[in-house]
There are 2 protein chains.
Amino acid sequence: MSETKETILAVARSRAQAHGYLGLNFRDLAKDVGIKGASIHYYFPTKADLGAALAKRYREDSVAGLEKLWADTQDPVACLKAYPGVFRKALADGNRMCLCGHMAAEYDDLPDAVKVEVKGFADDHVKWLTKVLIAGEPGVNKAAARQRARAIYAAVSGAQLLARSRADLKVYDETIEACRNVGLFATSCPKE
Amino acid sequence: MSETKETILAVARSRAQAHGYLGLNFRDLAKDVGIKGASIHYYFPTKADLGAALAKRYREDSVAGLEKLWADTQDPVACLKAYPGVFRKALADGNRMCLCGHMAAEYDDLPDAVKVEVKGFADDHVKWLTKVLIAGEPGVNKAAARQRARAIYAAVSGAQLLARSRADLKVYDETIEACRNVGLFATSCPKE
DNA sequence: ACCTGAACACCGTTCAAGT
DNA sequence: ACCTGAACACCGTTCAAGT
């Protein structure tokens, strides 16, 4: 893949994390890349193509990061402890959001190819969390672990949304801490 | 307030819950109201004015609903049990979102007057939840209760975001149930 | 008071032309 | 292969002017 195409994806990712898919526009994007708006179309025929490539790449990178975390530690407790840090990064970088979290809010206005990736991103995270939870408590009911994984994903996404509207990283940290205190990141999965 | 203005606010609320502030547009809005796009400006000079009025009204209505719930039940357990239902309503109504949750994602692109209301909405919810939690466990540390309130608000917001991207109300219900199983909606506030 | 036409700015997109 | 200016159709926004 050409260097320019990579640059477009990198700049677009950063911009989309701040402004979403709707707030992303070719002319501003091109200015940051150092080319003209029309030139973007040489690499991505339509905005839908760019959006889908963006979400797909973001999803792949995110999954790779999670798998690396698991491979490096092989420790469910360490993975669950580190997980909220993944979303923290975006907030620390100019009060941005997880790209797919942002796009989830815009869901109704997303091209189908982008919807697929946004949905897939959440699926991948829930699957990874489920795997980690089961590794932490081998005998656990799989459905219960998956539900717990969803709760973790939801809490982290919501904490991010809350912290963003306060533009305050401390709010994120404290909210995550409160979730931790309630036992959300523990490896045991209670079922009524 | 004139009837037309009320109609504009009602239609705009519904549309903004689906498409956000950025996705809200005067012509489509006006068509639903039965006037021309330019006529909206007679009531709301700018989109920022409409957005602020919208968020303010939404916030007021939401707080009134919460206060009524508390006044009617006077029961912390019942209030915490009913709380997720508030956000469920929007999803059940055409996979919409809480207006201020949607706007929280768009925060960077919001006019200041709208930001104030979006922030205030989250504050109001956290305050109400804190009050309910303290009523449920009178001796609790107030800071701990507030952090717990934030965790609840975050989890519910995130569950909404997740369910929206799956366009599946069942995902919302199951995620909330998982949060319940972990004890997030209990009236006791554990602090390590 | 209430509403509108028309101008304006901006968008994604196309395409012929340039390097 | 890569990039651009100009043009296009569309749309949100604004404002002076209409009733």
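First the proteins, then the strands, lettered A, B, ... as listed; each starts at 1. Everything numeric here is computed off the predicted structure, so don't read it as measured data.
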What does [N] pair with, Watson-Crick or G-U, if both distances are under 3.5 Å?
{"N": "C:dG12", "value": "D:dC8"}
{"N": "C:dA17", "value": "none"}
{"N": "D:dC3", "value": "none"}

Discussion item. Under 6.0 Å from the ring centre and within 45 degrees of the ring axis: does the NZ or CZ of B:Lys47 meet both conditions for the six-membered ring of B:Tyr21?
Written reply: yes
Quick one: [X] [atom1] to [N] [atom2], roughly how many Å, whole number?
{"X": "B:Lys31", "N": "D:dC10", "atom1": "NZ", "atom2": "C1'", "value": "13 Å"}
{"X": "B:Glu3", "N": "C:dC2", "atom1": "CD", "atom2": "P", "value": "11 Å"}
{"X": "A:Ile8", "N": "D:dC3", "atom1": "CD1", "atom2": "C1'", "value": "11 Å"}
{"X": "B:Ile35", "N": "C:dG5", "atom1": "CD1", "atom2": "P", "value": "12 Å"}
{"X": "A:Phe44", "N": "C:dC11", "atom1": "CZ", "atom2": "P", "value": "19 Å"}
{"X": "B:Leu50", "N": "D:dG12", "atom1": "CG", "atom2": "P", "value": "14 Å"}
{"X": "B:Leu29", "N": "C:dT4", "atom1": "CG", "atom2": "P", "value": "13 Å"}
{"X": "A:Leu22", "N": "C:dC10", "atom1": "CG", "atom2": "P", "value": "18 Å"}

Between [options], which nucleotide has the shortest distance from any of its atoms to the side chain of [X]?
{"X": "A:Asn25", "options": "D:dT4, D:dC3, C:dC11", "answer": "C:dC11"}
{"X": "B:Tyr43", "options": "D:dC2, D:dT4, C:dC3", "answer": "C:dC3"}
{"X": "B:His41", "options": "D:dT13, D:dC2, C:dT4", "answer": "D:dT13"}
{"X": "A:Arg27", "options": "C:dT13, D:dC3, D:dT13", "answer": "C:dT13"}

Worksheet item: What is the nucleic acid contact for A:Leu24, judged by heavy atoms within less than 4.0 Å: base, sugar-phosphate only, or nothing?
Response: sugar-phosphate
Discussion item. Classify B:Phe26 by what it touches in the nucleic acid, base, sugar-phosphate, or nothing, heavy-atom distance under 4.0 Å.
Written reply: sugar-phosphate
[N] phosphate, OP1 or OP2: any side-chain N/O from [X] under 4.0 angstrom?
{"X": "A:Tyr42", "N": "D:dT4", "answer": "no"}
{"X": "A:Lys47", "N": "C:dG12", "answer": "yes"}
{"X": "B:Thr46", "N": "D:dT13", "answer": "no"}
{"X": "B:Ser39", "N": "C:dT4", "answer": "yes"}

Item to complete: Count the heavy atoms belonging to other residues, nucleotides or ligands that lie under 6.0 Å from CD of A:Glu3, then report whether that count exceeds 12.
Response: no
Worksheet item: In terms of ring plane angle, is the pair A:Tyr83 and A:Trp128 parallel, tilted or perpendicular, where the classes change at 30° and 60°?
Response: parallel
Discussion item. Any heavy-atom pair between the side chains of A:Leu66 and A:Val132 that's under 4.5 Å?
Written reply: no
Item to complete: Using modelled atom types only, decide if a donor and an acceptor are shared between the side chain of A:Arg180 and the backbone of A:Phe185 within a distance under 3.5 Å.
Response: no
Discussion item. I need the single residue from B:Lys56, B:Arg59, B:Arg57 that forms a side-chain hydrogen bond (donor to acceptor under 3.5 Å, both in side chains) with B:Glu117. Which is it?
Written reply: B:Arg59
